[in-house]
Protein chains: 2
Amino acid sequence: MKALVEQVEGILKFRGKRLTKQRRLIIETLKNLQGHFDVQDLHRRVEEADHRISLSTVYRTVNLLKELGFLRALDIGEGYTLYEVVPEFEHHHLVCIRCGRIVEFHCEHCEAIHRRLAENYGFEIVSSQVVLQGYCPKCREELNTEAL
Amino acid sequence: MKALVEQVEGILKFRGKRLTKQRRLIIETLKNLQGHFDVQDLHRRVEEADHRISLSTVYRTVNLLKELGFLRALDIGEGYTLYEVVPEFEHHHLVCIRCGRIVEFHCEHCEAIHRRLAENYGFEIVSSQVVLQGYCPKCREELNTEAL
DNA sequence: TTATATGCAAACAATTTGCATCCTG
DNA sequence: CAGGATGCAAATTGTTTGCATATAA
């Protein structure tokens, strides 16, 4: 499997776009940044390597990578957007509505069901997201203790 | 089944909150407003009945109703939040990434799977969301015709 | 060389908040 | 009456954009 940077480079060129040093740096950072992040997180990390990279460039690059299909928005946020590198294997999220903890899970059953469902409606599915919202074990315990 | 207003009224009182005429109006409007809406939509509708109700009051009330569990955020949006009245029976969404069309579907299989999954992780699920993103039948056809 | 990218600051849009006033309980 | 709720306008915040300048191809 080719490095992310090279994959992106190919597609960029194909579209008449350029691989600038800022974009290269952002992509490299992305590789080491696993899990979920928002644009400001990413900007902070990128700044560690080169503090002259502007926030708008990071925004622009994230949007570009989203269009190119390398990143996707999670839509779990509270007023801001979380992103993740599009994973090789689909996975979903358990979100604690009290402490915000996010647990990822994989579910083959879900995939199969989604595919069948989409077919019924004539949709061609590009990606699927399952978000289960509730209380994580820790918060459940704390809620019991506090007896709110 | 009691009217929504009465349900909310009970809980409000219980929490030392008040049922003002603005809140009552918003809740009544909500009843006749099915499907998905954002806060500005709701405000527009509420204004039809009383144009002196401020946008901030609508925002505050929506947040309140969300906390109380009568509304929930859909997190499908593009820069703004969509809400829906928490439905008696869970349902999910097919979203067309080209034209934005949203189709609701119900899926008992999904429910069962989610419950089992959550159990495995010790989560107590309050609500679940499935968002399948792709191309709706109409857009699929148009894309084929245009031969982009 | 030349169109694409960047950095900066200003613009935006959705949402929140401070405060004087109003009104429900 | 007293404390919660409202309306208004100002403030915040995440994100986008215009423009002069820098740079990849």
Side-chain angles (χ1 to χ4, degrees), chain A residues 5-6 8-29 36-47 49-68 71-83 100, chain B residues 5-6 8-29 36-47 49-68 71-83 100:
Chain A
V5 194
E6 285 159 33
V8 178
E9 182 167 20
I11 298 208
L12 282 178
K13 283 200 174 143
F14 181 68
R15 300 238 197 157
K17 311 256 179 202
R18 293 166 185 180
L19 183 59
T20 60
K21 67 172 188 298
Q22 290 89 334
R23 286 179 180 172
R24 180 173 277 118
L25 179 54
I26 290 171
I27 295 164
E28 293 294 353
T29 307
H36 315 121
F37 57 90
D38 62 34
V39 177
Q40 325 244 355
D41 288 338
L42 180 56
H43 182 230
R44 243 170 273 127
R45 291 292 287 269
V46 168
E47 272 187 320
D50 181 346
H51 69 105
R52 285 169 311 173
I53 291 190
S54 77
L55 184 55
S56 18
T57 294
V58 179
Y59 268 106
R60 282 189 274 232
T61 304
V62 163
N63 282 333
L64 179 63
L65 293 175
K66 190 170 79 173
E67 274 172 39
L68 299 183
L71 285 183
R72 72 170 173 211
L74 277 184
D75 293 324
I76 290 176
E78 295 286 316
Y80 53 88
T81 309
L82 283 181
Y83 293 88
Chain B
V5 194
E6 286 159 32
V8 178
E9 182 169 20
I11 299 206
L12 283 177
K13 283 200 174 141
F14 182 67
R15 301 238 196 155
K17 311 255 179 201
R18 293 167 187 181
L19 183 59
T20 61
K21 68 172 187 299
Q22 290 89 333
R23 285 179 180 172
R24 178 174 279 121
L25 179 55
I26 291 172
I27 295 164
E28 293 293 352
T29 306
H36 316 121
F37 56 89
D38 62 34
V39 177
Q40 324 243 359
D41 288 337
L42 180 55
H43 183 230
R44 245 170 272 128
R45 292 292 287 269
V46 167
E47 272 187 320
D50 181 346
H51 69 104
R52 286 169 308 174
I53 292 190
S54 77
L55 184 56
S56 15
T57 294
V58 179
Y59 268 105
R60 282 189 275 230
T61 304
V62 164
N63 282 333
L64 178 62
L65 292 176
K66 190 171 80 173
E67 274 173 38
L68 299 183
L71 285 182
R72 72 172 172 210
L74 277 184
D75 292 326
I76 291 178
E78 293 288 316
Y80 53 87
T81 308
L82 283 181
Y83 293 88

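Proteins come first, then strands; the chains are lettered A, B, ... in the order of their sequence lines, and each starts at number 1. Here the structure is a predicted model, which means the values were calculated and not measured.
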Euclidean distance, atom [atom1] of residue [X] to atom [atom2] of [N] [Å, nearest integer]:
X	N	atom1	atom2	answer
B:Arg24	D:dT6	CZ	C1'	16 Å
B:Leu64	C:dT17	CG	P	14 Å
B:Leu42	C:dA14	CG	C1'	15 Å
A:Asp38	D:dT13	CG	C1'	12 Å
A:Tyr80	C:dT15	OH	P	15 Å
B:Arg23	C:dC23	CZ	P	15 Å
A:Phe14	D:dA25	CZ	C1'	17 Å
A:Asp50	C:dT6	CG	P	12 Å

Any [X] side-chain nitrogen or oxygen under 4.0 Å from OP1 or OP2 of [N]:
X	N	answer
A:Asn63	D:dT16	yes
B:Tyr59	C:dT15	yes
A:Thr81	D:dG14	no

List the residues meeting side chain to side chain contact (heavy atoms under 4.5 Å, CB included) with B:Ile11, not counting sequence neighbours, and say none if there are none.
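Result, side chain to side chain contact (heavy atoms under 4.5 Å, CB included) vs B:Ile11: B:Arg15, B:Leu68, B:Phe70.
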- Task: Side chain of A:Leu19 only, please: which of C:dT16, D:dT16, D:dA25 is the nearest?
- Result: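 Taking heavy atoms from C-beta onward, the closest nucleotide is D:dA25.
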So how far is it from B:Leu71 CG to B:Leu65 CG, rounded to the nearest 0.5 Å?
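With rounding to 0.5 Å, CG (B:Leu71) is 5.0 Å from CG (B:Leu65).
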Any chance you could measure A:Asp50, atom CG, to A:Ile26, atom CD1, to the nearest 0.5 Å?
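The CD1 atom of A:Ile26 is 10.0 Å from CG of A:Asp50, to the nearest 0.5 Å.
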For nucleotides 7-11 of chain D, tabulate all protein N/O to nucleotide N/O atom pairs closer than 3.5 Å, reporting atom names and distance.
from, atom 1, to, atom 2, distance (Å)
D:dG7, OP1, B:Gln22, NE2, 3.4
D:dG7, OP1, B:Arg52, O, 3.0
D:dG7, OP2, B:Ser54, N, 3.1
D:dG7, OP2, B:Ser54, OG, 3.3
D:dG7, OP2, B:Thr57, OG1, 2.5
D:dG7, N7, B:Arg60, NH2, 2.8
D:dG7, O6, B:Arg60, NH2, 3.4
D:dC8, N4, B:Ser56, OG, 3.4

- request: Determine, step by step, whether B:Thr81 and B:Val39 satisfy the side-chain contact (heavy atoms from CB on, under 4.5 Å) criterion, reporting the C-alpha distance in whole Å, the side-chain angles of both residues, the deciding distance to 0.1 Å, and the verdict.
  value: CA-CA 8 Å; B:Thr81 308; B:Val39 177; over 6 Å; no
| query | Using the C1' atoms of the five pairs at each end, what is the angle between the end axes of the helix from C:dT1-D:dA25 to C:dG25-D:dC1, to 10°? | reply |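 Overall, the helix from C:dT1-D:dA25 to C:dG25-D:dC1 bends by 40° from one end axis to the other.
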ask   = For B:Asp38, does its backbone N or O pair with a side-chain atom of B:Asp41 as donor and acceptor, under 3.5 Å?
value =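 Side chain of B:Asp41 to backbone of B:Asp38, a donor-acceptor pair under 3.5 Å: yes, one is there.
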Test your reading of the model: is there a side-chain donor-acceptor pair from A:His43 to the backbone of A:Tyr59, 3.5 Å cut-off?
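No, because the side chain of A:His43 does not come within donor-acceptor range (under 3.5 Å) of the backbone of A:Tyr59.
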Check: A:Thr61 and A:Gln22 side chains under 4.5 Å, non-hydrogen atoms:
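Answer no - side chains too far apart.
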**Prompt:** Of all heavy-atom pairs between B:Leu12 and B:Arg23, which one has the smallest distance, and what is that distance?
**Reply:**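 So the minimum-distance heavy-atom pair works out to CD2-NH1, 4.3 Å.
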How close do A:Ile53 and A:Glu47 get, counting heavy atoms only, and between which atoms?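 Looking at all heavy atoms of both residues, the closest pair is O-CG, 4.3 Å.
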| task | Determine, for B:Arg24 against B:Glu28, whether the closest basic-nitrogen to carboxylate-oxygen distance falls under 4.0 angstrom. | result |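 No.
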Got a donor-acceptor pair under 3.5 Å from the side chain of A:Arg18 to the base of C:dA3?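 Result: at least one qualifying N/O pair found.
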Review point. Pick the nucleotide of DNA chain C nearest each of A:Lys21 and B:Val39; which residue has the one closer to the 5' end?
Key: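 It is A:Lys21, whose closest nucleotide lies nearer the 5' terminus.
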Does A:Gln40 or B:Leu12 map to a spot on DNA chain D nearer the 5' end, using the closest nucleotide for each?
->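 The 5'-side residue here is B:Leu12.
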